[in-house]
Colleague: 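Got a structure here, written out as C-alpha cells. Questions coming.
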Amino acid sequence: MIFDEQILARLSNGLVYSAIAVYALAMLAYAAETAGRMAGARVEAAGVAGARVAGTGTAVTDAPSRIRLLGAVGTSLTVLAFLLNLGGVITRGLAAGRVPWGNMYEFVLVCALAAGAAYLAFLSRRPVRAFGVWIVAIVLLALGLAVTVLYAPAGELVPVLDSYWLVIHVAAAITGGGVFTVGAVATALFLVRHRQERRGTAQAPRGRYAASLPSTRTLEQVAHTAHIFAFPIWTFAVMAGAIWAENAWGRYWGWDPKETWAFITWVFYAAHLHAQATAGWRGVRASWFALAGYAAFLFNFFGVNLWISGLHSYAGV
Amino acid sequence: MTDVETKATEAAPAGRAQAPPSWGWLRWAWRNLTSMRTAVVLLALLGLAAIPGSVFPQRNVASDPAAVQQYVLEHPRLAPWLDRLGMFDVYASPWFAAIYVLLLVSMTGCVLPRSRRLWQSARSAPPPAPRNLTRLEGHHTWETTQEPAEVIATAAAHLNRRRFRVATAGHEVRAERGYLREVGNLAFHLSLLVLLVGIAAGKLIGFEGRVAVTEGGTFANDLSQYDAFSPSAWTDVDDLEPLSFRLEEFDVSYQTSGPNLGQPSQFAARLAYRAGGGEEQTVTVEPNRPLDINETKFFLTGNGYAPIVTVRDGRGKAVFTGPVQFLPLDTSYASDGVIKAPDAQPTQLAFEGFLLPTADVGPQGPYSTFPDTLNPQLFLTAYTGDLGFADGVPQSVFTLDKDELTQVRRNGQPFSQALSVGETMRLPGGQGSLTFDGVSRFANFQIAYDPGKEITLVAAVVLLVGLTASLAIRRRRLWLRVRPAEGGGCLVEVASYSLTRRESPPDEIQDLVAALHGPDHPSVTAGKDASE
C-alpha cells in the first residue's frame with residue numbers, strides 16, 4: 001500500500017466535507033437563480049415593466065442573462081461538489097480495502113453520489129435546471145446526516161457481508177435510489193406546476209414559483225423517464241438481494257423488514273406505472289403513487305435501519 | 001393498455017329483462033376486476049397490507065423466534081386483538097392472501113386477452129395510415145421527381161433494413177416496430193404466476209431446520225437431531241438427504257485493533273462429513289459459503305460458547321461432564337445458560353448463570369470487554385430439588401423450571417461464585433460441586449431444502465427481462481404516402497405515431513427522409529432541432 005490507510009480515510013473525510021461546502025454554495029446559486037426566475041415569472045404574469053420589481057433586490061435589467069449565469073454557476077459548483085463526493089467515495093474504498101458501501105454512512109455517501117450523477121445526466125439532455133435547488137438540497141441533507149449521525153470509521157466488514165453479492169445488490173439499490181430521487185423531485189414539481197396551470201394563478205408566491213418551472217409536459221416526461229429507468233434496476237436490486245439471502249440464510253424471501261419495505265417500494269412504483277396507463281388516473285393521481293414509492297424507499301433506509309430490528313441490522317449506524 | 005380503458009367505459013349494461021340477472025352481474029364484476037383501475041387499487045392495498053408485518057413481530061420470520069411471545073407479554077391487552085386480526089402472521093393471513101389472489105386473478109384476466117390480441121396483431125399487417133398525417137409526430141412532406149413506385153420501394157427497403165414490419169398498399173407504406181414491448185409486458189406478468197409456482201413448491205415440499213453443534217459434536221440428518229424443524233405440508237421427513245458430520249473445529253477471529261475493535265473478521269466451521277455411503281470428507285463452512293449436499297444446504301448462521309464443566313453430587317460422584325451451550329447476549333459474547341445434573345444424588349442439581357469470555361469488573365458489575373476468550377469466567381448460582389424431568393414434558397436446555405427447585409443459600413444470601421478455568425465451586429453442606437474445565441465453541445447451522453427455488457429464479461429472470469423490454473422498447477408505427485404530381489414526380493408525406501407514452505425516436509423519421517433524398521439536409525436538421 002502506497003498510502004497509509006489512515007491517511008486515506010482522513011482524506012476521504014476531507015473530500016466529503018469539501019463536497020458539503022461546495023454543495024452548499026451550489027444550493028445558494030441555484031436558490032438565487034430560482035428567485036430570479038420567479039421575479040421573471042412575476043414580470044411576465046403582471047405584464048409590468050422591469051423597473052417595478054427592481055426593489056426586490058434582483059436586478060431585472062438584463063435579468064435573463066444574469067439568471068442564466070447564476071444557474072451556470074450553480075451547475076458548475078454541483079459538478080465540482082459531485083467530483084469531490086466521488087473522490088471521497090473512492091478514497092474511502094481504498095482506505096477500507098473493499099467496495100465503499102458496507103455501512104449506512106457509506107451507503108448515504110454513494111446514494112448522494114448517484115442522485116447527483118442522475119441529475120447531471122438528465123441536465124445534459126433535458127431542461128431540468130429548476131430541479132437543481134431541490135436535488136442539491138436533498139443531497140446536502142443526506143451528506144449532512146451521513147457525517148453527523150451515521151458516521152462510522154473505515155474498516156473491515158463483518159463476515160456475513162463478505163460476499164460479491166454485496167457489490168451487486170447494494171450497487172443496484174443505490175443506483176435505483178439515486179434515479180428515483182430525480183423522479184421524485186420531478187413528480188413533486190409536476191404536482192406543483194400542475195396545480196398552478198389548472199388554477200392559472202401566478203400571483204401568490206407559490207404560484208409564482210410554480211409558474212417559473214418547466215412545463216408539466218417536460219416535468220412529466222422527466223419523471224416518467226426516471227421511473228422507467230429506475231424501476232427495472234430496483235427490481236434487479238430486490239432479486240439480487242433475494243439471491244444473496246438464499247446464499248447466506250437458506251431462504252430467498254423471509255419478510256425481513258428490509259425485504260418487506262423493498263417489496264412495498266416496488267409495489268407502489270408498480271402501482272404508479274399502472275396508474276399512468278389508466279384513464280382518469282394518469283398525471284396527478286398516478287404521481288402520488290410514485291411519491292409513496294419514494295417515501296417507502298426512504299423509510300426502508302432510515303426507518304428500518306434505525307427503528308426496526310431485523311436481519312439487516314448489522315448494517316451499522 | 002389503452003384496451004383496458006375502453007373496457008372500463010363500455011361496462012356491460014346490467015341484465016335485461018330476459019337474461020338471467022346473475023350473468024350480467026357476473027360479467028360486470030369480471031370486467032371491473034380485470035380493469036387496470038382495480039389492479040392499481042389492489043397494488044396499493046398490497047403495499048399497505050405489507051406494512052404491519054414489518055411493524056409487529058411475526059411468527060414465521062427468522063430474525064427472532066421469541067419476539068411474538070415477548071410482545072404478548074409486554075402488551076397483554078392489545079396482543080390478543082392483534083392476534084385475532086392476524087397481525088403476527090400477516091403474510092399468511094387471509095386478508096393478505098385475498099389481496100394477492102384478487103390481484104393475480106385480475107392480472108391474468110387482463111393479460112390473457114391481451115396475449116390473444118398480440119398474437120392476432122403480430123399475424124396481421126400494420127394498419128393503414130390515418131387520413132390526416134399532419135397531426136402526427138415528425139410529419140414531413142416534400143415534392144420529388146422520383147416515380148411513386150420508386151419512392152415506395154426505397155422506403156420499404158429502408159424500413160425493412162431498420163427491422164420494421166412493412167406492408168405496402170397502393171400509394172402507402174405502413175410500418176410498425178416494437179412488438180417485443182408487448183411480448184415483454186406479457187412475459188413479465190405471466191412470469192409472476194410462474195414465480196408463485198416456485199414459491200409454492202418450496203412452501204409445500206421444502207423444509208427449514210436449525211441445529212447447534214458443539215466442537216467435537218456430531219449431527220446426522222435425521223428429524224430427531226434437529227433443535228427446530230419446520231416441515232411443509234408434503235415434506236417427506238423419512239427421506240431426508242443421508243448425511244452426517246462432526247464439527248471438528250470452529251475458528252473465529254476478531255479485530256484486535258483499530259476503530260472496530262472486537263468486530264468479528266472471520267467465522268469458519270471445519271466439518272468432517274459423510275454424504276450417503278461415501279468417504280469422509282472435510283469442508284469449511286463460512287457465512288455466505290454453505291455446504292450443499294444435493295440441494296440440502298447447511299448454512300453457518302451463528303455461534304456461541306459452551307463452557308466445559310464437571311458436576312459432582314453429594315456422594316462425590318461425577319454426574320455430568322462436558323460442554324454446555326450458553327446463548328450469547330450481545331456482541332461481546334457475554335452469554336447465559338443453565339447446567340442440569342438430573343442424575344445427582346441425594347438431590348438433583350442445577351446451575352444458572354453467565355459466561356464472560358473476557359471478564360472485567362466495572363461499576364455496574366462484571367462484564368465482557370472482548371468477544372474472544374482472553375479471560376473466561378463463569379458466574380453461577382446453584383439450585384437443588386426436582387428438575388421436573390419426571391413429568392415427561394420436554395423442556396428447554398437454556399432455562400430452568402424452578403417450580404420444584406430451591407436456590408442454594410449461604411448466610412441467608414443466594415450462593416454464587418465466579419470461576420476461572422480450573423476452579424471449582426463447592427456447594428455449602430456438601431451438596432455437590434462444579435468444576436470449570438474450559439471453554440468450547442458451538443456453531444448454529446440453518447438447514448434448508450427448497451426444491452422450488454430454481455423455478456423461482458427462472459421466473460425472476462424472465463420477469464426482469466420482460467419488464468425491462470416492456471419499459472425500454474417503444475412500439476411505434478410509421479407511414480409514408482405518395483401522391484403522383486401532375487407532370488411526373490410525386491408528393492411524399494411521412495409521419496410516425498408512438499403507441500407508448502414516450503415519443504418515437506426522432507432520428508428514425510429523419511433517416512427515412514434522408515434515405516429518400518427528401519427535404520435537403522438543412523431542413524432535415526432543422527426538423528431535428530424542432531423535435532428537441
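Computed from a predicted structure; not experimentally measured. Below, chain A is the first sequence line, B the second, and so on; all start at residue 1. The basis for the numbers below is simple: all heavy atoms, side chains too, and nothing from hydrogens, waters or symmetry mates.
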Colleague: Report the distance from atom CG of A:Asp162 to atom CD of B:Gln266, rounding to the nearest 0.5 Å.
Modeller: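 So the CG of A:Asp162 and the CD of B:Gln266 are separated by 9.5 Å.
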
Colleague: So do A:His272 and B:Leu43 actually touch side chain to side chain, heavy atoms under 4.5 Å?
Modeller: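 With C-beta onward as the side chain, the pair stays apart.
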
Colleague: Do you know which two heavy atoms are closest between A:Phe268 and B:Gly47, and how far apart they sit?
Modeller: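 Heavy atoms only, the tightest pair is CE2-CA, 3.9 Å.
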
Colleague: Calculate, to the nearest 0.5 Å, the distance between atoms CE and OG1 belonging to A:Met239 and B:Thr456 respectively.
Modeller: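 These two atoms lie 10.5 Å from each other.
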
Colleague: When you compare the side chain of A:Trp281 with that of B:Arg37, does any pair of heavy atoms fall below 4.5 Å?
Modeller: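 Touching, per the 4.5 Å side-chain cut-off.
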
Colleague: Kindly write out the residues that satisfy ring-ring contact (aromatic ring centres under 6.0 Å, His included) with A:Tyr269, not counting sequence neighbours, or none if the list is empty.
Modeller: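 For A:Tyr269, the residues satisfying ring-ring contact (aromatic ring centres under 6.0 Å, His included) (neighbours in sequence not counted) are A:Phe180, A:His227.
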
Colleague: Distance only, no hydrogens: is a donor on one side chain within 3.5 Å (strictly under) of an acceptor on the other, for B:Asn288 and A:Trp165?
Modeller: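 On atom types as modelled, these side chains do not qualify, holding no pair under 3.5 Å.
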
Colleague: State whether the number of non-hydrogen atoms from other residues, nucleotides or ligands found under 6.0 Å of B:Glu241 atom CD is greater than 12.
Modeller: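 Correct, the count exceeds 12.
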
Colleague: Distance alone, cut at 3.5 Å: any donor-acceptor contact between the side chains of B:Ser54 and A:Trp261?
Modeller: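 Yes - a donor-acceptor pair under 3.5 Å links their side chains.
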
Colleague: Excluding sequence neighbours, so at least two apart, what forms side-chain hydrogen bond (donor to acceptor under 3.5 Å, both in side chains) with A:Trp253?
Modeller: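 With neighbours one apart ignored, the set is empty.
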
Colleague: Relative to chain A, which segment of B:Gln263 carries a heavy atom at a distance below 4.5 Å: side chain, backbone, both, or neither?
Modeller: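 Only the side chain of B:Gln263 comes within 4.5 Å of chain A.
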
Colleague: Can you list every salt bridge (charged side-chain N to carboxylate O under 4.0 Å, His left out) pair that touches residues 93-106 of chain A, not counting sequence neighbours?
Modeller: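 Counting only pairs at least two positions apart or across chains, the salt bridge (charged side-chain N to carboxylate O under 4.0 Å, His left out) contacts touching residues 93-106 of chain A are A:Arg92-A:Glu106, A:Arg98-A:Glu106.
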
Colleague: Residue by residue, scan residues 283-298 of chain A and write down, ordered by number, those that have a heavy-atom distance under 4.5 Å to chain B; if none do, write 'none'.
Modeller: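 Within residues 283-298 of chain A, near chain B: A:Phe289.
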
Colleague: Is any side-chain heavy atom of A:Phe236 closer than 4.5 Å to a side-chain heavy atom of B:Thr468?
Modeller: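 No. Closest side-chain heavy atoms not under 4.5 Å.
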
Colleague: May I ask you to name which of B:Ala50, B:Gly202, B:Pro57 has the most heavy-atom pairs under 4.5 Å with chain A?
Modeller: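 Among B:Ala50, B:Gly202, B:Pro57, the one with the most close pairs to chain A is B:Ala50.
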
Colleague: For chain A, which of B:Ile199, B:Ile447, B:Asp292 has the most heavy-atom pairs under 4.5 Å?
Modeller: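 Of B:Ile199, B:Ile447, B:Asp292, B:Ile199 has the most heavy-atom pairs under 4.5 Å with chain A.
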
Colleague: Atom CH2 of A:Trp255 and atom CG of B:Asp89: how far apart are they, to the nearest 0.5 Å?
Modeller: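 It is 12.0 Å, given to the nearest 0.5 Å.
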
Colleague: Is it the side chain or the backbone of A:Gln221 that comes within 4.5 Å of chain B heavy atoms, both, or neither?
Modeller: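 For A:Gln221, the side chain is the part near chain B, not the backbone.
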
Colleague: For B:Asp450, is it the side chain, the backbone, both, or neither that has a heavy atom closer than 4.5 Å to a heavy atom of chain A?
Modeller: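 Side chain of B:Asp450 only, per the 4.5 Å heavy-atom cut-off to chain A.
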
Colleague: Contact part of B:Lys453 toward chain A, heavy-atom cut-off under 4.5 Å: side chain, backbone, both or neither?
Modeller: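 Both parts, backbone and side chain.
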
Colleague: Heavy-atom distance under 4.5 Å to chain A: side chain of B:Phe188, backbone, both or neither?
Modeller: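 Contact with chain A: side chain only.
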
Colleague: Got a sec: does the CZ of A:Phe229 have more than 12 other heavy atoms crowding it under 6.0 Å?
Modeller: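 For A:Phe229, atom CZ is not crowded (no more than 12 foreign heavy atoms under 6.0 Å).
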
Colleague: Are B:Gln446 and A:Trp249 side-chain neighbours, meaning at least one heavy-atom pair lies under 4.5 Å?
Modeller: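 No, too far: nothing below the 4.5 Å cut-off.
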
Colleague: Heavy-atom pairs under 4.5 Å with chain B - which of A:Leu157, A:Ile243, A:Ile264 has more of them than the others?
Modeller: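 Between A:Leu157, A:Ile243, A:Ile264, the count favours A:Ile264.
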
Colleague: Might you point out which heavy atoms bring A:Gly250 and B:Ala448 nearest each other, and give the distance in Å?
Modeller: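 Answer, listing the atom of A:Gly250 first, then B:Ala448: O-CB, 3.3 Å.
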
Colleague: About how many Å separate CZ of B:Phe299 and CD of A:Glu246, when rounded to the nearest 0.5 Å?
Modeller: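 These two atoms lie 5.0 Å from each other.
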
Colleague: Distance from B:Leu471 atom CG to A:Thr225 atom OG1, nearest 0.5 Å?
Modeller: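 Atom-to-atom, B:Leu471:CG and A:Thr225:OG1 are 11.5 Å apart.
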
Colleague: Is the shortest heavy-atom distance from the side chain of B:Pro290 to the side chain of A:Asn247 under 4.5 Å?
Modeller: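 Yes, their side chains come closer than 4.5 Å.
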
Colleague: Chain A heavy atoms under 4.5 Å from B:Val41: which part of the residue, side chain, backbone, both or neither?
Modeller: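 The answer is the side chain of B:Val41.
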
